Amino acid sequence: MEEEIDVQKTIFVFTGPDGSGRKTIADMTGATLELTKVLSYTTRARRAGEQDGQDYHFIAADSFLESERRGEFVESVHIDGQLYGIKHADILRLWEEHGFVYVILNPDGARILKQAFGRSVVRLFVYADRPSVLKRQRDRGDSDELVSARMAYYDEAMSALPECEYAYENVDLAHTVFAISNTIEPYMNRQLLQLD
Ligand SMILES: Nc1ncnc2c1ncn2[C@@H]1O[C@H](COP(=O)(O)OP(=O)(O)OP(=O)(O)O)[C@@H](O)[C@H]1O
Ligand SMILES: Nc1nc2c(ncn2[C@@H]2O[C@H](COP(=O)(O)O)[C@@H](O)[C@H]2O)c(=O)[nH]1
């Protein structure tokens, strides 16, 4: 059931197929508009260049399961043997502190957040065609194993496009960030107008 949430508090959910550029775009847009990121918790190992508390909260499986048992996650998923989730309390705290926040989730997680928080959730679906997604992951140096595991979810992820509030084909990075910033800004300005 949808929670009673102040509609001026918004969570922008960057979703879409892996490798489409969601994270890059989310973080660039977040930096441009001074949005705070709600970090996921995960049991997977940190990859080169990733930092705890910046990319994810990297935690042990027993700690994740204990939090799950206590009902702390608003949504959690198993992907390729690893656990990922977002804590309810983190969203509420960051909403209280900042009003506008963002998160990067797969489409299943995005759907669950929408069911939980209704109008306070705005899903921004970022996609690219299959060859581009494949190339971006290979260019980044991801292993063949990781790339094939992710590509197995491509069609399923793409099928979530119509249910999202907005969708962007990410061909040119700067252009996509500009378009998404233009979508988000009116939400923030609406709040400023109401505060006047
Ligand atoms: N428009 C673009 N053109 C070319 N490369 C891009 C573009 N957008 C993003 N990239 C690059 O593609 C790679 C994947 O981007 P990113 O990590 O943001 O994707 P993602 O959708 O979050 O996927 P993942 O969950 O696999 O990290 C990165 O190396 C990023 O710099
Ligand atoms: N439903 C959720 N999906 C999440 C969460 N945190 C990350 N993700 C998505 O998982 C895959 C794999 O991520 P990777 O960093 O291991 O490559 C990707 O689609 C992420 O967006 C979460 O808390 N919930």
Side-chain angles (χ1 to χ4, degrees), residues 11-31 37-59 64 67-68 72-91 94 101-117 121 123-161 164 167-180:
I11 184 161
F12 297 100
V13 181
F14 289 82
T15 191
D18 294 334
S20 60
R22 297 164 306 169
K23 182 173 183 297
T24 309
I25 287 165
D27 290 342
M28 285 174 72
T29 309
K37 177 153 71 171
V38 183
L39 287 184
S40 295
Y41 293 76
T42 184
T43 60
R44 82 152 165 77
R46 211 180 312 177
R47 299 191 187 119
E50 287 183 330
Q51 283 182 24
D52 186 37
Q54 188 170 311
D55 296 285
Y56 282 103
H57 295 296
F58 293 96
I59 61 173
F64 192 103
S67 290
E68 197 167 46
E72 291 174 9
F73 292 110
V74 61
E75 68 86 36
S76 59
V77 286
H78 288 228
I79 301 174
D80 296 332
Q82 302 297 336
L83 298 160
Y84 299 81
I86 290 279
K87 287 194 181 173
H88 199 257
D90 287 350
I91 295 179
L94 293 172
V101 300
Y102 73 97
V103 65
I104 305 152
L105 296 179
N106 73 356
D108 290 342
R111 188 177 304 120
I112 294 169
L113 230 59
K114 184 72 187 175
Q115 286 160 359
F117 296 120
V121 172
R123 286 168 293 179
L124 307 154
F125 190 94
V126 176
Y127 66 98
D129 61 23
R130 192 182 265 277
S132 303
V133 164
L134 197 57
K135 181 174 184 313
R136 286 175 195 172
Q137 292 177 76
R138 287 191 175 140
D139 287 352
R140 189 169 62 179
D142 293 353
S143 69
D144 287 348
E145 193 188 0
L146 185 56
V147 174
S148 336
R150 290 210 194 99
M151 291 310 293
Y153 297 115
Y154 180 83
D155 288 336
E156 188 190 334
M158 284 300 291
S159 71
L161 185 156
C164 291
Y168 308 84
E169 184 173 7
N170 174 28
V171 179
D172 175 74
L173 189 55
H175 182 268
T176 312
V177 172
F178 182 71
I180 294 183

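Here the structure is a predicted model, which means the values were calculated and not measured. Read the numbers this way: they start at 1 and go in the same order the structure lists the ligands and their atoms. Counting begins at 1 with the first residue of the sequence.
- Other residues, nucleotides and ligands place no more than 12 heavy atoms under 6.0 Å from the CG atom of Asp144.
- Among protein heavy atoms, the minimum distance from atom 12 (C) of ligand 2 is reached at Tyr84 OH, 3.7 Å.
- A salt bridge links Asp142 with Arg150; the closest basic N to acidic carboxylate O contact falls under 4.0 Å.
- If you number the atoms of ligand 1 from 1 as listed, the ones under 4.0 Å from a heavy atom of Lys23 come out as 18 (O), 20 (P), 22 (O).
- Interface of Arg150 with ligand 2, defined as ligand atoms under 4.0 Å from a residue heavy atom, comprises 17 (O).
- Checked for salt-bridge contact, Lys37 and Asp27 meet the test: a charged N lies under 4.0 Å from a carboxylate O.
- Atoms of ligand 1 lying under 4.0 Å from at least one heavy atom of Arg150, given by number and element, are 26 (O).
- Contact atoms of ligand 2 toward Leu105: 2 (C), 5 (C), 21 (O), 22 (C), 23 (O), 24 (N) (distance under 4.0 Å to a heavy atom of the residue).
- Proximity of Val77 to ligand 2, defined as any heavy-atom pair under 4.0 Å, is confined to the side chain (atoms from C-beta onward).
- Distances below 4.0 Å separate heavy atoms of Leu173 from the following atoms of ligand 1: 1 (N), 8 (N).
- Considering both main-chain and side-chain atoms, Gly21 comes within under 3.5 Å of ligand 1 through a nitrogen or oxygen pair.
- Contacts with ligand 1 closer than 4.0 Å are made by no heavy atom of Gln137, backbone or side chain.
- Using a 4.0 Å cut-off between heavy atoms, Val171 contacts ligand 1 through its backbone alone, with no side-chain atom that close.
- With a 4.0 Å cut-off on non-hydrogen atoms, Arg140 touches ligand 1 through its side chain and not its backbone.
- Contact annotation: for Ser132 versus ligand 1, there are no heavy atoms closer than 4.0 Å.
- Shown in contact with Ser40 at under 4.0 Å from a heavy atom are these atoms of ligand 2, numbered in order with element: 5 (C), 6 (N), 22 (C), 23 (O).
- If you number the atoms of ligand 2 from 1 as listed, the ones under 4.0 Å from a heavy atom of Glu75 come out as 1 (N), 2 (C), 22 (C), 23 (O), 24 (N).
- Of all the heavy atoms of Ile79, the ones lying under 4.0 Å from any atom of ligand 2 belong exclusively to the side chain.
- Distances below 4.0 Å separate heavy atoms of Ile86 from the following atoms of ligand 2: 23 (O).
- Ligand 2 places these atoms under 4.0 Å from at least one heavy atom of Gly109: 1 (N).
- Using a 4.0 Å cut-off to heavy atoms of Arg44, the atoms of ligand 2 that qualify are 14 (P), 15 (O), 16 (O).
- Nearest protein heavy-atom neighbour of atom 21 (O) of ligand 2: Arg22 NH1, 3.0 Å.
- Nearest protein neighbour of atom 18 (C) of ligand 2, counting heavy atoms only, is Asp18 OD1, 3.2 Å.
- Protein heavy atom in closest approach to atom 15 (O) of ligand 2: Tyr56 OH, 2.5 Å.
- The single protein non-hydrogen atom nearest to atom 9 (C) of ligand 2 is Asn106 N, 3.9 Å, given as residue, atom name and distance.
- In this structure, a donor-acceptor pair under 3.5 Å is absent between the side chains of Tyr84 and Asn106.
- Ligand 1 lies nowhere less than 4.0 angstrom from a heavy atom belonging to Ala26.
- Comment: Asp155 engages Arg130 in a salt bridge, judged by a side-chain N to carboxylate O separation of less than 4.0 angstrom.
- The pair Arg44-Asp80 does not meet the salt-bridge criterion, since no charged nitrogen lies less than 4.0 angstrom from a carboxylate oxygen.
- Shown in contact with Gly85 at under 4.0 Å from a heavy atom are these atoms of ligand 2, numbered in order with element: 22 (C), 23 (O).
- Here Asp139 does not pair with Arg136 in a salt bridge; the nearest charged N to carboxylate O distance is not below 4.0 Å.
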Practice prompt. Any chance you could lay out the side-chain contact (heavy atoms from CB on, under 4.5 Å) test for Leu113 and Val74, step after step, and finish with the verdict?
Written response: CA-CA 7 Å; Leu113 230 59; Val74 61; 3.6 Å; yes
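- Of the listed residues (Asn170, Thr24, Thr176), the one carrying the non-hydrogen atom nearest atom 7 (C) of ligand 1 is Asn170.
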